[in-house]
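Working notes, beginning with the structure itself.
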Amino acid sequence: MVLPSVSTALRAVEYLLLSGGQRTARRNAWTAVLEDRRRARDRVEAEHVLEAVSEATSHAT
């Protein structure tokens, strides 16, 4: 007997408990969270690049 994965089981429970609109809203919210995390990583990376450029410029003068 093959057991379903945790994500499959959670989706099944979600399907039973939430109406279609609620499922869509939850998925949209999760997508927004993931996008916010991506933007935060990009922001940190940009800060590191700017700091590196700033340090290189200050050492060059």
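Since the model is a prediction, treat every value here as computed from it, not as a measurement.
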Quiz: residues 40-48 side-chain donor-acceptor pairs under 3.5 angstrom, not counting sequence neighbours:
unit_1: Asp42; atom_1: OD2; unit_2: Arg38; atom_2: NH1; d: 2.5

Please output the side-chain donor-acceptor pairs of residues 27-34 that fall under 3.5 Å, not counting sequence neighbours, one pair per line with the distance.
unit_1: Arg27; atom_1: NH2; unit_2: Glu14; atom_2: OE1; d: 2.9
unit_1: Asn28; atom_1: ND2; unit_2: Thr24; atom_2: O; d: 3.4
unit_1: Thr31; atom_1: OG1; unit_2: Arg27; atom_2: O; d: 2.9

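- Residues forming a side chain to side chain donor-acceptor pair (under 3.5 Å) with Arg23 (at least two apart in sequence, or on another chain): none.
- Residue pairs meeting the side-chain hydrogen bond (donor to acceptor under 3.5 Å, both in side chains) criterion with at least one partner in residues 1-12, sequence neighbours excluded, are Ser5-Ser7, Ser5-Thr8.
- Val6 belongs to a hydrophobic cluster whose remaining members, ordered by chain and number, are Leu10; membership requires side-chain heavy atoms of ILVMFWY residues under 4.5 Å apart, directly or through intermediates.
- Nearest approach of Glu55 to Ser58, heavy atoms of both residues: O-OG, 2.9 Å.
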